[in-house]
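Here is the structure we will look at, set down as structure tokens.
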Amino acid sequence: MSLKVYNSLTRKKEEFKPITKGHVGMYVCGPTVSGESHLGHARPYITFDIVNRYLMHLGYKVRYVRNITDAGHFEEEGREAEDKISKKAQLEKIEPMELVQKYTNLFHWAMKEFNTLDPNIEPTATGHIVEQINMIEKIIEEGYAYVSNGSVYFDVKKYAATHDYGKLSGRVIEDLLETTRNLDGQEEKRDKADFALWKAAPPKHIMRWKSPWGDGFPGWHIECSAMATKYLGAEFDIHGGGMDLLFPHHESEIAQSTICNHQTPAKYWLHNNMITIAGKKMGKSYNNVIKLTELFSGNHPLLTQAFSPMTVRFFILQTHYRSTLDFSSEALVAAEKGLKRLWEGYEVLNKLQAASFKLQAENAELEATLLKLMAELDDFMNDDFNTAKVLANFFEMVPIINGIKDGHISADAISSGTFQLMKTSFKVWLEDILGLKNSKETNPALNNVMELLIEIRKEARANKDFATSDKIRNQLTEAGILLKDEKDGNISWEIQ
RNA sequence: GGUCCUGUGGCCGAGUGGCUAGGCAGAGCUCUGCAAAAGCUUCUACAUCGGUUCGAAUCCGGUCAGGACCUCCA
């Protein structure tokens, strides 16, 4: 079964066929670095990290481009043009670029914590003003944009006459022309549905660039079109982002690029659904965001505890990316425990001795079950990246692994080949494709100390000196280390 | 108001016609010096009404409820 992806453009799952054999170009809308990232932001970056990783797993050479929006958009279109980033900088009395740097660094830090792979190119909007101006000029030449008071607008009505404006978001152009909200200062535009490509900067505006139309700054949608075109070409494979960007952002990107490059920019449009909180989308409009720093520290009224980045990643992967995911502290606690169980199963698997398995499996049924569980993994991922089902299959393998470890299931039951395949599968799927990792720190010195303590405790237990053995266990518990006496006499430990 | 989506057991969630999803929580048992861990077993489902079908959580229609977009948003 080959990879199928749900294409928002056609509203269907389609077989993924790259434009250039063996290569994939993917553009994902990146963060606006005018503030701290919140849980909602984490979803697209983790989702498309999976897409990136899986495409690489399939052998594609991927060019993954994710921008940094550091030029800011309009606070509210039609009002006095106001750059979000410069506005906040003035309030905080620091340079706009200082603010941009701060939040860019914070974003990069969070992405590292989530164990996402870096994009191949991470272009900034401010670094591509020239490209954006060039693109706007070309759209004007083509006759689909007009200058008004030093600003440039895209002529949606004209575009819609010959193209399908609304094909991505399912909008009907007549409705758009009628129902778009009537804002102040709309008189610059020929039509309410028109969107800005370039906005004249008022005198006090800090972030400004020279252009053929006077000092100003780029409009909301043009940066993505310009950067995607520059690094991926007029037509590329995948464009990703959150569902809330479908309209007007992506719809407008299509319109701009279509006029400029004479073709639809991306073949497949992939959109992740929203994270909700008490049923409502997490977003600044609702003022219900949980920042990533708050999540990792537990410092938020809705959180009962801190949650590690891996817990959050796992939480997100347990749901299909096109479904909404409802956040609650309780759900994250469940995810944390689930991940722990899964990861411990993986660690147990790695500790099993290969020598205890034989060439032939004695339990053909169990052997077949395992092989089926592993064979299905590809099908699940190929079916529009169903990470939830992948994880479910691994959870089904965990009791079997634990059973072999405690002797409940004989090691003879499965073949050595299957055992090796399991080890490989856990590694490849959990670590390489799903990007999960052990969040526990390993400290060689501590390991040595623990070995010593465990040795002493074992001896004490053998001598029925339970006072000593309990003392070791209790005091370690107080020190934050949990000892677990296992069935075979071994003792394992973990930091709480 | 327009366009679209969703409604699964205590909680989170997968699942497009017949096969146990899975995780968390709960209950019982096994193992154990005790505890924890682990294993085994197990209870709660498909909003509602009607239709199609041999058979529907899954398809169709109505109703109710919630949500997203239409405006900055991941």
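Order of the sequence lines sets the chain letters (A, B, ...), proteins ahead of strands, with each chain counted from 1.
In this structure, the nucleotide among B/rG39, B/rC12, B/rA74 sitting nearest to the side chain of A/Lys284 is B/rA74. Distance from the side chain of A/Tyr45 is smallest for B/rA74 among the nucleotides B/rC12, B/rA38, B/rA74. Here B/rG15 is the nucleotide among B/rG15, B/rC12, B/rG33 with the atom lying nearest to any side-chain atom of A/Lys389. Of the candidates B/rC72, B/rC12, B/rG39, the closest approach to any side-chain atom of A/Phe315 belongs to B/rC12.
Note: CZ (A/Phe327) to C1' (B/rG13) measures 16 Å, nearest angstrom. Between the P atom of B/rC5 and the CG atom of A/Asp326 lies a distance of 21 Å, rounded to the nearest Å. In this structure, the OH atom of A/Tyr321 is 17 Å from the C1' atom of B/rG13, given to the nearest Å. Distance CG (A/Leu168) to P (B/rC70): 13 Å, rounded to an integer number of Å.
Residue pairs satisfying the ring pair (Phe, Tyr, Trp, His ring centres under 6.0 Å) criterion with at least one member in residues 309-343 of chain A, sequence neighbours excluded, are listed as follows: A/Trp343-A/Tyr346. Counting only residues at least two apart or on different chains, the salt bridge (Lys or Arg N to Asp or Glu O under 4.0 Å) pairs with a member in residues 237-256 of chain A are A/Asp244-A/Lys281.
For the P atoms, the distance linking B/rU58 with B/rC46 amounts to 11 Å, nearest Å. When the P atom is compared between B/rG7 and B/rC59, the two are found 10 Å apart, to the nearest whole Å. When the C1' atom is used for both B/rC54 and B/rC49, the distance is 23 Å, rounded to whole Å. Across B/rC4 and B/rG26, the matching P atoms stand 44 Å from one another, rounded to whole Å. The gap from the P atom of B/rC40 to that of B/rC60 amounts to 40 Å, rounded to the nearest Å.
Pairing for B/rU44 is absent, with no Watson-Crick or G-U wobble pair whose two atom distances lie under 3.5 Å. The partner of B/rC19 cannot be assigned: no Watson-Crick or G-U wobble pair with both contacts below 3.5 Å exists in any strand. B/rU3 is paired with B/rA68 under the criterion used here, namely a Watson-Crick or G-U wobble arrangement in which both key atom distances are under 3.5 Å. For B/rC24, the paired base is B/rG10 (Watson-Crick or G-U wobble, both distances below 3.5 Å). With a cut-off of 3.5 Å on both pairing distances, B/rU32 has no Watson-Crick or G-U wobble partner at all.
Phosphate proximity of B/rA37 to A/Asn402: absent, as no side-chain N or O sits under 4.0 Å from OP1 or OP2. The shortest distance between the side-chain N/O atoms of A/His408 and the OP1/OP2 oxygens of B/rG39 is not below 4.0 Å. One finds no side-chain N or O of A/Lys405 lying less than 4.0 angstrom from the OP1 or OP2 phosphate oxygen of B/rG39.
Here A/His41 pairs with A/His38 under the ring-ring contact (aromatic ring centres under 6.0 Å, His included) rule; sequence neighbours left out. With sequence neighbours excluded, the residues satisfying side-chain contact (heavy atoms from CB on, under 4.5 Å) with A/Lys157 are A/Asp155, A/Leu177, A/Asp191. In this structure, the side-chain contact (heavy atoms from CB on, under 4.5 Å) partners of A/Ala255, at least two apart in sequence or on a different chain, are A/Phe154, A/Tyr159, A/Tyr165. For A/Phe114, the ring-ring contact (aromatic ring centres under 6.0 Å, His included) partners two or more places apart in sequence, or in a different chain, are A/Phe296. With sequence neighbours left out, the side-chain contact (heavy atoms from CB on, under 4.5 Å) criterion links A/Glu396 to A/Leu373.
Salt-bridge annotation for A/Lys389 and A/Glu376: absent, with no side-chain N of the basic residue lying under 4.0 Å from a carboxylate O of the acidic one. Look at A/Asp465 and A/Arg461 and you find no salt bridge, because none of the NZ, NE, NH1 or NH2 atoms lies under 4.0 Å from a carboxylate O. Salt-bridge check for A/Lys484 with A/Glu344: passed, with a basic side-chain N closer than 4.0 Å to an acidic carboxylate O.
Residue A/Ser469 is classed as a base contact, given a heavy-atom separation below 4.0 Å to a base. Residue A/His320 is classed as a sugar-phosphate contact, given heavy-atom separations below 4.0 Å to backbone atoms only. Contacts of A/Asn272 with the nucleic acid, taken as non-hydrogen atoms under 4.0 Å apart, include base atoms. Residue A/Ile275 is in base contact, counting any heavy-atom pair closer than 4.0 Å across all strands shown. Using a 4.0 Å heavy-atom distance criterion, A/Ser285 is classed as a base contact. Across all strands shown, A/Asn474 has no heavy atoms under 4.0 Å from either base or sugar-phosphate atoms. Nucleic acid contact class of A/Leu245 (heavy atoms, under 4.0 Å, all strands): sugar-phosphate only.
The residue from A/Asp470, A/Thr468, A/Asp485 that alone fulfils the side chain to side chain donor-acceptor pair (under 3.5 Å) condition with A/Arg457 is A/Asp485.
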Under 3.5 Å, which N/O atoms of the protein pair with N/O atoms of nucleotides 34-36 of chain B?
from	atom 1	to	atom 2	distance (Å)
B/rC34	O2	A/Arg473	NH2	2.6
B/rC34	N3	A/Arg473	NH1	2.8
B/rC34	N3	A/Arg473	NH2	3.1
B/rC34	N4	A/Arg473	NH1	3.4
B/rC34	N4	A/Asp485	OD2	3.0
B/rA35	N6	A/Asp485	OD2	3.1
B/rA35	N1	A/Arg473	NH1	3.3
B/rA35	N3	A/Arg473	NH1	3.0
B/rA36	N1	A/Asp485	O	2.5

Are any protein N/O atoms closer than 3.5 Å to N/O atoms in nucleotides 64-68 of chain B? If there are, list each pair with its distance.
from	atom 1	to	atom 2	distance (Å)
B/rG67	OP1	A/Lys280	NZ	3.0
B/rA68	OP1	A/Lys281	N	3.4
B/rA68	OP1	A/Tyr286	OH	2.8
B/rA68	OP2	A/Tyr286	OH	3.4

Interface polar pairs with nucleotides 23-29 of chain B, N/O, under 3.5 angstrom:
from	atom 1	to	atom 2	distance (Å)
B/rA25	OP1	A/Lys337	NZ	3.1

Please write out the pairs of protein N or O atoms and N or O atoms of nucleotides 58-60 of chain B separated by less than 3.5 Å, giving the distance to one decimal.
none

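Counting heavy atoms from C-beta on, the side chains of A/Asn7 and A/Lys12 never come closer than 4.5 Å.
Under the 3.5 Å distance criterion, with hydrogens and angles disregarded, no donor-acceptor pair is assigned to the side chains of A/Glu336 and A/Ser308. A side-chain N or O of A/Glu223 and one of A/Asn67 form a donor-acceptor pair less than 3.5 Å apart. In this structure, a donor-acceptor pair under 3.5 Å is absent between the side chains of A/Asn273 and A/Thr324.
When every heavy atom of A/Val289 is checked against every heavy atom of A/Glu294, the shortest pair comes out as O-OE1, 4.3 Å.
When ring centroids are compared, A/Tyr268 and A/Tyr6 stay outside the 6.0 Å threshold. A/His250 and A/His271 have their aromatic ring centers within a separation under 6.0 angstrom.
Taking 3.5 Å as the limit, the base of B/rC69 and the side chain of A/Ser169 contain no donor-acceptor pair of atoms between them.
Listed by residue number, the members of residues 46-55 of chain A with any heavy atom below 4.0 angstrom from RNA chain B form an empty set.
Here A/Phe466 counts as stacked on B/rG33: its ring centre is under 5.5 angstrom from the base ring centre and the planes meet at under 30°.
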